[in-house]
Amino acid sequence: MHANAYTDPFYQKEVHAASADTDGMVDEFCSRCHTPIGVIAGEIPPVDGSRLSEIAHMGVQCDFCHTVSDSNGTGNAPFIVTPGDTKWGPFNDSKSAYHASEYLELHTRSEFCGICHQVTHPVNGVVIDDTYSTWKESYYAENDVTCQDCHMSPGITEFKANPGRSASSSPKRDHISLHSTVGGNAFVTGMLGAEEERKLAIERLQKAATLRLDVPVTAVKGENITIEAAITNSGAGHMLPTGVSELRQVWLEIEATDSNGQKIYRTTKTGNSSGANPAVIYNTVLGDSEGNATLSFWLADRVIADNRIAPKETVTEQHTFSLPENTAYPVTVDATLNYMSAPQELIDHLFGKGIHEVPVITMVQASEMIYDPDKPVETQAEVPGFTVPLAVLVLAVLKITGLYKKQ
Ligand code: HEC
Ligand code: HEC
Ligand code: HEC
Ligand code: HEC
């Protein structure tokens with residue numbers, strides 16, 4: 001995503017919309033993180049990229065990050081660069097035949113990432129991206145687990161060493177960092193055909209959270225039953241979701257189905273006319289100066305709502321429903337935590353309907369059963385696993401004895 005920070009088609013659509021809405025006031029602001037070289041070289045504005053050099057198209061690329069020699073803190077890209085022959089990096093004993101090398105401790109710390117992964121509105125200071133600051137307040141900062149540990153090592157939710165050499169002439173190291181720097185973006189990586197990164201993004205999302213489902217073992221027809229779903233942000237070192245979390249969506253889908261396939265209770269992202277309830281969506285909602293919710297974060301004037309899940313935090317949802325008289329026991333309750341990089345309506349609005357489908361990524365799932373209170377649970381508990389093998393066995397016997405003939 002760093003290499004595509006400028007060419008990313010989603011970014012391109014949004015930055016043009018932002019530029020139009022603000023009469024070009026945000027052109028340089030957005031570009032400072034999405035094409036830092038374009039800004040440093042004075043090639044932006046204009047935002048249309050007509051003066052942009054080839055190297056500035058490469059977004060957040062090698063030479064930019066390794067030319068950063070210092071920073072005036074975090075947020076809104078206060079980097080200091082020293083372009084030239086010297087490249088800065090995380091080792092104090094690096095030698096290269098191609099360039100001079102300097103050690104930059106900043107590269108080994110989250111504050112380096114915090115240069116860009118912390119965004120406030122340039123006029124009114126509304127927080128748009130608080131990845132760095134929510135990390136800073138977390139268990140992970142306290143225990144010295146950095147962004148690099150999770151995002152630049154094979155560990156995904158913890159540091160795991162990746163021994164090797166970063167160049168053929170360099171010494172063998174205990175760890176050299178991975179530079180695919182994957183987050184949760186399976187949408188744009190898919191659009192760009194970056195298959196490896198798309199898969200890694202899905203894998204990362206699938207390690208971000210855990211889900212525990214509590215349902216009563218038995219329930220009487222007609223009486224209210226309450227089920228509880230507990231979602232824990234167990235793997236992300238910041239809010240879940242984070243980044244442009246006014247665009248990202250995480251939600252829990254619940255489905256209770258009886259053994260005849262009758263849907264008894266359902267939550268879906270939007271709810272619908274067929275009786276499904278709207279699910280809670282975990283993200284931020286920004287408001288414009290009139291207080292209306294907006295996805296155009298450059299117009300944000302306030303944060304209307306924020307129910308993202310903090311690092312290590314558990315949130316619990318309760319759902320109440322009753323079993324209809326015709327319920328066929330047992331009832332299966334399935335819960336699925338989903339992630340979407342952006343609302344489909346926004347992508348349809350930007351690109352046209354039917355052009356890009358935003359994938360729904362399953363992060364984690366859990367299932368539990370509710371049994372008939374009038375029968376011993378042990379006998380019922382065997383039912384789902386037992387009927388299928390039994391049917392196969394009966395068929396096999398019938399076949400052997402010649403009693404069963406395929407039509
Ligand atoms: C987003 C900024 C960023 C970009 C883009 C980037 N690097 Fe790095 N690079 C880093 C950071 C940060 C580290 C140190 C990570 C650590 O300490 O865990 C690093 C480490 C390195 C190292 C030391 C060995 C290693 O892998 O740990 C080399 C060599 C290197 N980068 C080369 C490159 C090259 C070549 C590219 C382009 C293909 C590149 N970098 C792109 C930030 C960046
Ligand atoms: C110069 C600014 C800059 C710096 C420094 C920077 N990033 Fe980024 N990063 C970006 C931008 C911009 C994007 C979004 C690109 C896009 O989606 O179009 C991004 C994307 C990402 C993503 C992918 C997000 C997703 O949704 O999948 C991850 C993960 C990430 N950065 C981690 C890091 C880490 C870790 C560091 C520090 C080692 C770092 N970044 C340093 C600007 C930066
Ligand atoms: C303990 C491991 C861990 C640490 C530490 C960590 N992350 Fe993440 N990060 C994750 C996981 C897991 C996800 C996927 C879930 C999500 O989107 O929140 C993720 C997602 C992301 C995303 C994509 C978010 C989205 O949904 O668009 C970005 C950007 C990112 N991280 C940047 C950072 C930065 C910058 C830091 C340091 C300030 C950092 N991360 C620290 C594990 C970690
Ligand atoms: C201080 C740095 C910074 C500034 C300024 C900034 N961004 Fe970003 N932008 C990021 C980072 C970091 C991400 C990745 C966060 C994530 O993946 O959730 C990102 C992600 C995005 C995305 C999501 C892309 C995707 O592939 O899903 C869009 C769209 C975007 N930015 C548009 C803009 C626009 C428009 C502006 C100006 C109004 C802007 N950005 C200003 C750092 C910045």
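Keep in mind the model is a prediction, meaning the values are calculated, not measured.
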Evaluation steps, side chain to side chain donor-acceptor pair (under 3.5 Å), between D334 and S367:
CA-CA 4 Å; D334 292 308; S367 266; 2.3 Å; yes

CA sep, side-chain torsions, deciding dist, call: D93, R173, side chain to side chain contact (heavy atoms under 4.5 Å, CB included): CA-CA 11 Å; D93 59 348; R173 311 258 186 200; 2.8 Å; yes

Using the side chain to side chain contact (heavy atoms under 4.5 Å, CB included) rule, take F187 and I347 through it: C-alpha gap first, then chi angles, then the decisive distance, then the call. CA-CA 11 Å; F187 170 49; I347 298 304; 3.7 Å; yes

Run the side chain to side chain contact (heavy atoms under 4.5 Å, CB included) test on Y265 and V333 for me, step by step, so that the C-alpha distance in whole Å, both residues' side-chain angles and the decisive distance to 0.1 Å come before the verdict. CA-CA 9 Å; Y265 178 79; V333 182; over 6 Å; no

**Asked** Can you list the steps and then say if T284 with F297 is a side chain to side chain contact (heavy atoms under 4.5 Å, CB included)?
**Response** CA-CA 11 Å; T284 44; F297 48 86; over 6 Å; no

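When all heavy atoms of N292 and I304 are compared, the closest pair comes out as C-CD1, 4.1 Å. For the residue pair S259 and Y329, the shortest heavy atom distance occurs at OG-O, 3.2 Å. Considering all non-hydrogen atoms of both residues, Y371 and P330 come closest at CD2-CB, 3.6 Å. Taking each heavy atom of P9 and V188 in turn, the nearest pair found is CD-CG1, 4.4 Å. In plain terms, the two heavy atoms of P241 and Y339 that are nearest each other are CB-CE1, 4.2 Å. Between A219 and I225 the shortest heavy-atom distance is CB-CG2, 3.4 Å.
A donor-acceptor distance shorter than 3.5 angstrom exists from the side chain of T267 to the backbone of I254, with no hydrogens or angles considered. Q344 contributes a side-chain N or O that, together with a main-chain N or O of V358, makes up a donor-acceptor pair within less than 3.5 Å. Checked by atom type and distance alone, the side chain of H107 never pairs as donor or acceptor with a backbone atom of H66 at under 3.5 Å. Of the possible donor and acceptor atoms, none in the side chain of S31 sits under 3.5 Å from a partner among the backbone N and O of H34. Using a distance-only test at 3.5 Å, with no hydrogens or angles considered, a donor-acceptor pair links the side chain of N76 to the main chain of T120. At least one donor-acceptor pair closer than 3.5 Å links the side chain of S96 to the backbone N or O of Y98. Not one N or O on the side chain of E111 forms a donor-acceptor pair closer than 3.5 Å with the backbone of G73. Panel note: side chain Q148, backbone S177; no donor-acceptor pair is recorded below 3.5 Å. Between the H319 side chain and the E228 main chain, no donor and acceptor come within less than 3.5 Å of each other.
With a 4.5 Å cut-off on side-chain heavy atoms, H121 and I128 count as touching. Put simply, the side chain of L252 reaches to within 4.5 Å of the side chain of L211, judged on heavy atoms. Contact of the V15 side chain with the V47 side chain is registered, since non-hydrogen atoms from C-beta on lie closer than 4.5 Å. In this structure, the side chains of S110 and Y132 come closer than 4.5 Å at one or more pairs of heavy atoms. S341 has its side chain within reach of R248: a pair of non-hydrogen atoms, C-beta onward, lies under 4.5 Å apart. At least one side-chain heavy atom of F159 sits less than 4.5 Å from a side-chain heavy atom of S153. Contact check for Y6 versus L52: side-chain heavy atoms found under the 4.5 Å cut-off. The side-chain heavy atoms of E14 and W298, taken from C-beta on, include a pair separated by under 4.5 Å.
The side-chain contact (heavy atoms from CB on, under 4.5 Å) check on T86 picks up W88, A100, E102, with sequence neighbours excluded. Under the side-chain contact (heavy atoms from CB on, under 4.5 Å) criterion, D258 pairs with N260, Q262, I264, T327, A328, V331, not counting sequence neighbours. In this structure, S101 has no side-chain hydrogen bond (donor to acceptor under 3.5 Å, both in side chains) partners at least two apart in sequence or on a different chain. With sequence neighbours excluded, the residues that form a side-chain contact (heavy atoms from CB on, under 4.5 Å) with T362 are T336, N338, Q365. Shown here are the side-chain contact (heavy atoms from CB on, under 4.5 Å) partners of K269, two or more places apart in sequence or in another chain: Q249, W251, I281, M340. Not a single side-chain hydrogen bond (donor to acceptor under 3.5 Å, both in side chains) links D8 to another residue, sequence neighbours left out. Take K136 and apply the side-chain hydrogen bond (donor to acceptor under 3.5 Å, both in side chains) test, not counting sequence neighbours, and it matches no residue.
To the nearest 0.5 Å, the span separating CD1 on I355 from CE on M191 amounts to 10.5 Å. Within the model, atoms OH of Y282 and CD1 of I309 stand 5.5 Å from one another, a figure rounded to the nearest 0.5 Å. The line from NZ of K221 to CG of L323 is 8.5 Å long, rounded to the nearest 0.5 Å. Note that the OG1 atom of T67 and the CG atom of D85 stand 10.5 Å from one another [nearest 0.5 Å]. Remark: L346 CG to E246 CD distance equals 10.5 Å, nearest 0.5 Å.
Around NZ of K312, the count of heavy atoms belonging to other residues, nucleotides or ligands within 6.0 Å exceeds 12. The neighbour count for H349 NE2, taken as heavy atoms of other residues, nucleotides or ligands under 6.0 Å away, does not exceed 12.
Sorted pairs that involve residues 38-59 and meet salt bridge (Lys or Arg N to Asp or Glu O under 4.0 Å), not counting sequence neighbours, are lacking altogether. Listed by first and then second residue, the salt bridge (Lys or Arg N to Asp or Glu O under 4.0 Å) pairs involving residues 278-302 amount to none (not counting sequence neighbours). Sorted by first and then second residue, the salt bridge (Lys or Arg N to Asp or Glu O under 4.0 Å) pairs with a member in residues 200-219 read E203-K207, R212-D214; sequence neighbours excluded. Applying the side chain to side chain donor-acceptor pair (under 3.5 Å) definition to pairs two or more places apart or across chains, those involving residues 179-195 are E195-R198. Applying the salt bridge (Lys or Arg N to Asp or Glu O under 4.0 Å) rule to pairs touching residues 345-359 yields D348-K353, sequence neighbours excluded.
The aromatic rings of H117 and H2 lie perpendicular to each other, with more than 60° between the two planes, well past the 30° mark.
Side-chain atoms of S19 and D27 include a donor-acceptor pair closer than 3.5 Å. A side-chain N or O of T226 and one of T320 form a donor-acceptor pair less than 3.5 Å apart. Checked by atom type, the side-chain pair S133/Q118 shows a donor-acceptor distance below 3.5 Å. With no hydrogens or angles considered, no side-chain donor-acceptor pair links N283 and S245 at under 3.5 Å.
A cation-pi arrangement is not found for R266 relative to F321, the charged atom failing to lie both closer than 6.0 Å to the ring centre and inside a 45° cone about the ring normal.
Ring-centre distance between F10 and H356: not below the 6.0 Å cut-off.
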